**Q** 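So that we are looking at the same thing, I have put the structure below in structure tokens.
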Amino acid sequence: MTAGADYYTVEGVTDQGQMVSCVTSDTYCALYGFDCGQMYNINVTANNQVCQGPSISTEPASITTEPCPPQNVQTTVQCHSDVGVVSWEASFGVVGYVVSLAGRDGHSLSCSTNETFCTVEGLHCGVIYYTNVIAIGETTNSDESTTVLLVSAPCAAENVEANLDCDNNTAEVSWSSANGADSYTVNAVEDEGHVASCETDELQCVLTGLHCGHTYNISLTSNSDHCQTETTNIVTLITIDQQCGNSTANMFWEEGKGVELYLATATCSMGMTMQCNSTNSTCRFYNLHCGDTFTFSVTAYTHMCYSDISSTVEIQTEPCQPTGLTVSGSCDNDTVVLDWSAAKGASGYVVTTTGDIGYTSSFQTNETTVEAELPCGQSFTFTVKAQGDRCDSAVSLPQEFQTSPCVPVHVQSFTSCEDSLGSVSWAESDGADSYLAIAVGQDDHTHMCTTNTTSCTWDDLHCGDFYTVHIIANDYMCSSMPSNSTTLRMAPCIPQNLTTSLDCTTKVGSLTWNASDTAEFYIVTAESNSGHKVQLGTNDTWTFISEFECGQEYFLSVQAADSVCTSRPMPCPPIGVSSFMNCGSNIAVVSWTASAGAKYYTATVTQEDGQSMSCWSDSEQCGMPNVQCGQNYTVMVVASNEECNSDPSEADTLQSVPCVPTDVEVTIDCSKNQALVDWSASEGALSYKATAESVQGALSSSCISTNLTCTLTNLTCGHTYSVQVVAEDDICSSLPSPAIDFESGKQINGHESPLDVYL
């Protein structure tokens with residue numbers, strides 16, 4: 001304590017001018033904020049209210065702080081040893097350093113030094129070490145430095161194996177994972193210096209371009225970002241050139257001195273032996289059995305002596321060709337089952353499927369039966385080949401299978417409201433030879449259409465009905481599932497049983513009709529021959545018409561309508577029906593006047609016994625050939641549209657051509673140069689005409705009769721005549737009867753013969 005002092009100021013100052021201070025009224029004071037690695041000189045100044053700083057302590061005092069943590073710590077690794085080096089920058093006030101390494105695998109190491117680096121031995125391969133450095137001071141130590149990582153060299157790979165593929169002169173090398181390795185490099189060096197290599201970040205890679213018949217030494221290097229660790233001479237390959245596909249193998253060996261002949265032997269697993277003589281270091285074996293294991297060895301001969309048998313090399317020949325491939329399936333789905341016989345030597349099979357419009361698929365299996373899902377509507381070809389260790393077998397004989405046609409898509413419907421027509425179209429389906437379109441009405445009646453195109457049209461659909469339509473695709477064996485449905489809406493049915501009446505006093509006509517299913521209202525039309533037309537609509541099945549003009553004949557029709565379609569009007573009965581016979585061709589021709597609402601007409605001629613003939617026309621007449629002769633016919637005409645027929649027209653009568661006379665006979669009266677002709681009656685005949693023509697010249701005779709006989713006169717004696725009879729009515733004549741020949745009377749001594757001749 002200084003006399004007269006009210007308080008004290010304590011200051012610590014470094015040589016660089018850094019300062020810490022405190023003020024106190026006691027004889028002690030706490031200083032804060034020291035920097036590490038510094039020596040502070042301490043001064044104390046006494047102060048009162050009058051004077052400040054006149055009294056400064058004269059006794060020297062200093063404080064040295066703890067060393068600073070080492071900075072810029074770095075690590076390196078000696079890749080080909082288990083040594084790591086840690087370095088850092090020097091810290092002030094240090095008497096030494098301690099380095100600590102903590103590995104992620106639990107391993108720990110440390111070293112001490114008074115230098116700014118330290119060497120650590122015994123690192124574990126492939127391990128990351130957390131590294132810290134502490135500076136050692138005279139009294140206190142620094143905090144730990146910032147932690148840095150030391151990554152040791154990667155471990156060497158183990159369990160290295162190499163498998164040779166003689167077919168394409170490659171070898172697959174595999175190994176177990178090495179700690180710390182990011183990638184791997186494989187090098188293969190043959191005895192003549194050829195090098196093959198591959199690099200990968202996986203646990204296997206393939207060496208390509210190997211020379212057959214040579215020995216290779218293989219080394220594997222584990223790589224990390226900063227180190228490589230090599231394992232050398234781990235595998236030795238002795239190659240043998242196996243020729244896949246032709247049952248051939250080439251065998252190579254190292255040629256010895258003084259050898260005159262080599263005997264190479266190949267022995268199969270069944271004990272059969274094949275041999276090959278050679279004067280050099282190679283032999284070729286042919287016709288090796290498929291799917292078998294062969295052991296190869298060589299014996300050298302010279303001067304009647306032979307060597308011991310060499311070490312052996314074993315190969316597996318290519319698997320045998322699969323046989324007995326069958327393919328089975330059904331029309332119900334697109335799943336097929338493939339079966340085949342097991343192939344000797346096969347470790348697996350590859351099944352290949354090829355469709356006729358581009359589909360291809362291939363998959364592997366260890367079984368001899370598989371199921372496959374196939375697209376619809378294609379013809380598929382299947383093959384199987386067996387897989388071996390080095391080679392694949394020849395492909396099996398192919399089998400084919402046709403899947404069911406694809407379900408038709410893009411189905412669209414089209415209707416014509418005024419007709420009984422409905423159409424549907426769709427996109428072409430793969431595999432389809434034909435299609436079946438099925439239209440089912442609400443009353444379950446069905447209409448079908450078979451076609452090899454992509455559309456169908458019905459002309460007999462029911463009016464007033466609603467149809468659901470499906471399409472099915474067919475081939476020669478199977479049918480697809482039905483397509484999505486579309487619909488056909490038909491126009492309401494034409495109203496039937498129209499009944500009319502006219503009140504002459506009020507000049508009002510009434511019309512009634514039967515109701516039509518699905519009709520929402522009706523359109524009534526009255527049209528005269530002069531063109532006057534009255535039209536109205538109603539929701540009832542009756543109406544009154546008051547707009548008639550006097551002295552006109554009106555044709556009445558009713559159309560049923562809904563919100564979409566309107567039925568065709570009932571066609572009017574034809575009028576002005578007439579008929580006549582074309583006598584020469586025996587064709588009945590019927591004509592009439594066109595009817596309102598008609599699209600075509602059917603004319604019918606009916607016999608008294610009910611038999612009838614008909615003809616169809618879209619004009620105003622038609623003809624019926626080969627009408628039965630000698631008949632009275634009733635003729636009527638019906639007008640039609642696609643949905644309805646009119647009432648029959650008023651009847652007309654028609655007399656057909658008389659029938660040809662039959663049973664013609666001739667009796668000659670030689671004394672009068674006459675001949676009596678008789679015959680049987682012909683239906684429809686009103687009279688008959690018999691004609692005799694001379695075959696010697698233009699001499700003829702004829703007679704007409706309403707009976708069944710007549711007499712031919714003025715015959716020339718000694719002539720041959722041909723007689724025919726025709727039947728006639730008031731319009732037509734029949735065809736002539738078959739000809740009957742006779743000779744007129746002959747002269748005897750200049751006189752005519754008195755004999756009558758009956759033919």
Side-chain angles (χ1 to χ4, degrees), residues 18 32-39 64-160 175-186 199-205 219-232 234:
Q18 294 171 312
Y32 298 94
F34 291 103
D35 290 335
C36 64
Q38 299 291 329
M39 184 174 70
T64 301
T65 60
E66 79 277 5
C68 292
Q71 300 295 312
N72 195 22
V73 179
Q74 298 182 356
T75 61
T76 58
V77 173
Q78 297 178 7
C79 294
H80 300 292
S81 65
D82 57 356
V83 175
V85 177
V86 183
S87 63
W88 55 89
E89 294 179 354
S91 297
F92 177 77
V94 174
V95 296
Y97 300 92
V98 176
V99 179
S100 298
L101 291 84
R104 287 184 178 177
D105 63 348
H107 181 236
S108 62
L109 293 169
S110 66
C111 67
S112 299
T113 182
N114 55 8
E115 304 289 343
T116 58
F117 66 90
C118 192
T119 300
V120 183
E121 298 181 353
L123 297 175
H124 288 183
C125 65
V127 174
I128 296 175
Y129 288 87
Y130 298 100
T131 304
N132 295 289
V133 182
I134 296 176
I136 306 299
E138 293 181 355
T139 58
T140 58
N141 300 329
S142 73
D143 293 333
E144 289 183 345
S145 67
T146 301
T147 300
V148 296
L149 301 180
L150 184 148
V151 182
S152 64
C155 296
E158 298 179 347
N159 301 320
V160 182
W175 55 89
S176 58
S177 178
N179 289 338
D182 299 324
S183 64
Y184 304 89
T185 302
V186 179
E199 185 171 352
T200 181
D201 57 2
E202 298 180 354
L203 299 180
Q204 64 177 21
C205 70
S219 63
L220 174 62
T221 301
S222 303
N223 305 315
S224 66
D225 290 338
H226 57 284
C227 281
Q228 295 179 333
T229 302
E230 184 177 25
T231 305
T232 60
I234 53 176

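All values below were derived from every heavy atom in this structure, side-chain atoms included, with hydrogens, water molecules and symmetry-related copies excluded. Just so you know, these numbers come straight off a predicted model, no measurement behind them. Sequential numbering from 1 along the given sequence is applied to the chain's residues.
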**Q** Ignoring hydrogens and geometry, is there a side-chain-to-backbone donor-acceptor pair from Thr75 to Leu149 under 3.5 Å?
**A**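 Looks like yes, one N/O pair under 3.5 Å.
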
**Q** Are side-chain heavy atoms of Leu123 and Leu101 found at a separation under 4.5 Å?
**A**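 When only atoms from C-beta onward are counted, Leu101 and Leu123 do touch, with a gap below 4.5 Å.
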
**Q** Taking all non-hydrogen atoms of both residues, which atom of Ser112 and which atom of Val98 are closest, and how far apart?
**A**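 Ser112 and Val98 have their closest heavy atoms at OG-CG2, 3.7 Å.
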
**Q** Between the main-chain N or O of Thr229 and the side-chain N or O of Thr221, is there a donor-acceptor pair closer than 3.5 Å?
**A**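 Between the backbone of Thr229 and the side chain of Thr221 there is no qualifying donor-acceptor contact (under 3.5 Å).
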
**Q** Looking at every heavy atom in both Gly137 and Pro67, which two are closest together, and how far apart are they?
**A**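 The pair with the smallest heavy-atom distance is CA-CG, 3.4 Å.
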
**Q** Just wondering, more than 12 heavy atoms not from Glu199 lying within 6.0 Å of its CD?
**A**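 Yes, the 6.0 Å shell around CD holds more than 12 heavy atoms from other groups.
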
**Q** Examine distances only and state if a side-chain atom of His107 and a backbone atom of Val127 form a donor-acceptor pair shorter than 3.5 Å.
**A**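 Checking the backbone N and O of Val127 against the side chain of His107, no donor-acceptor pair under 3.5 Å is found.
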
**Q** I'd like to know whether CD of Glu121 has more than 12 heavy-atom contacts from other residues, nucleotides or ligands below 6.0 angstrom.
**A**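 No, because the 6.0 Å sphere around CD of Glu121 holds 12 heavy atoms or fewer from other groups.
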
**Q** Is the shortest side-chain heavy-atom distance between Cys68 and Val94 below 4.5 Å?
**A**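 Not in contact.
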
**Q** Can you confirm whether Val151 sits close enough to Ile128 that some side-chain heavy atom of one is under 4.5 Å from a side-chain heavy atom of the other?
**A**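 Touching, per the 4.5 Å side-chain cut-off.
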
**Q** Show every disulfide bond (SG atoms under 2.5 Å apart) that has at least one partner inside residues 69-117, sequence neighbours left out.
**A**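 Matches after skipping sequence neighbours: Cys79-Cys227, Cys111-Cys118.
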
**Q** May I ask you to decide if the ring planes of Tyr184 and Trp175 are parallel, tilted or perpendicular, using 30° and 60° as cut-offs?
**A**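 Ring orientation of Tyr184 relative to Trp175: tilted.
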
**Q** Between Ser222 and Ala157, which heavy-atom pair has the shortest distance, and what is it?
**A**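 Taking Ser222 first and Ala157 second, the nearest heavy atoms are OG-N, 3.5 Å.
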
**Q** Looking only at heavy atoms, what is the nearest atom pair of Pro70 and Ser145, with distance?
**A**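 Scanning both residues, the minimum pair turns out to be O-CB, 3.3 Å.
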
**Q** Side chains of Asp82 and Ser152, heavy atoms from C-beta outward: is any pair under 4.5 Å?
**A**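 They are not in contact (no side-chain heavy atoms under 4.5 Å apart), so the answer is no.
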
**Q** Roughly how far, to the nearest 0.5 Å, is CG of Asn179 from OG of Ser224?
**A**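 Between Ser224 OG and Asn179 CG, I get 12.0 Å after rounding to 0.5 Å.
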
**Q** Could you pull out the closest heavy-atom pair between Val186 and Cys205, with the gap in Å?
**A**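 Result for this residue pair: CG2-SG, 3.5 Å.
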
**Q** Can you tell me how far apart CG (Leu109) and OG1 (Thr131) are? Round to the nearest 0.5 Å.
**A**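 Between atom CG of Leu109 and atom OG1 of Thr131 there are 9.5 Å.
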
**Q** Rounded at 0.5 Å granularity, tell me how far OG in Ser87 sits from CD in Gln74.
**A**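 Ser87 OG to Gln74 CD: 5.0 Å, rounded to 0.5 Å.
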
**Q** Are Val86 and Val73 side-chain neighbours, meaning at least one heavy-atom pair lies under 4.5 Å?
**A**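 Yes, their side chains come closer than 4.5 Å.
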
**Q** Above 12 or not: heavy atoms from other molecules or residues under 6.0 Å from CD of Glu89?
**A**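 Check passes, neighbour count above 12.
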
**Q** Rounded to the nearest 0.5 Å, how far apart are OH of Tyr97 and OG1 of Thr113?
**A**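 Those atoms lie 9.0 Å apart.
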
**Q** For Asn132 and Thr147, test the side chains for any donor-to-acceptor distance below 3.5 angstrom and give the result as yes or no.
**A**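 Thr147 and Asn132 do have a side-chain donor-acceptor pair below 3.5 Å.
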
**Q** State the CD-CD distance between Gln38 and Glu66, to the nearest 0.5 angstrom.
**A**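 One finds 10.5 Å between CD of Gln38 and CD of Glu66.
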
**Q** Could you walk me through whether Gln78 and Val85 pass the side chain to side chain contact (heavy atoms under 4.5 Å, CB included) test, one step at a time?
**A** CA-CA 8 Å; Gln78 297 178 7; Val85 177; 4.2 Å; yes

**Q** Considering all heavy atoms of both residues, which atom of Tyr129 and which atom of His124 are nearest to each other, and what is their separation?
**A**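 That closest heavy-atom pairing would be OH-N, 2.9 Å.
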
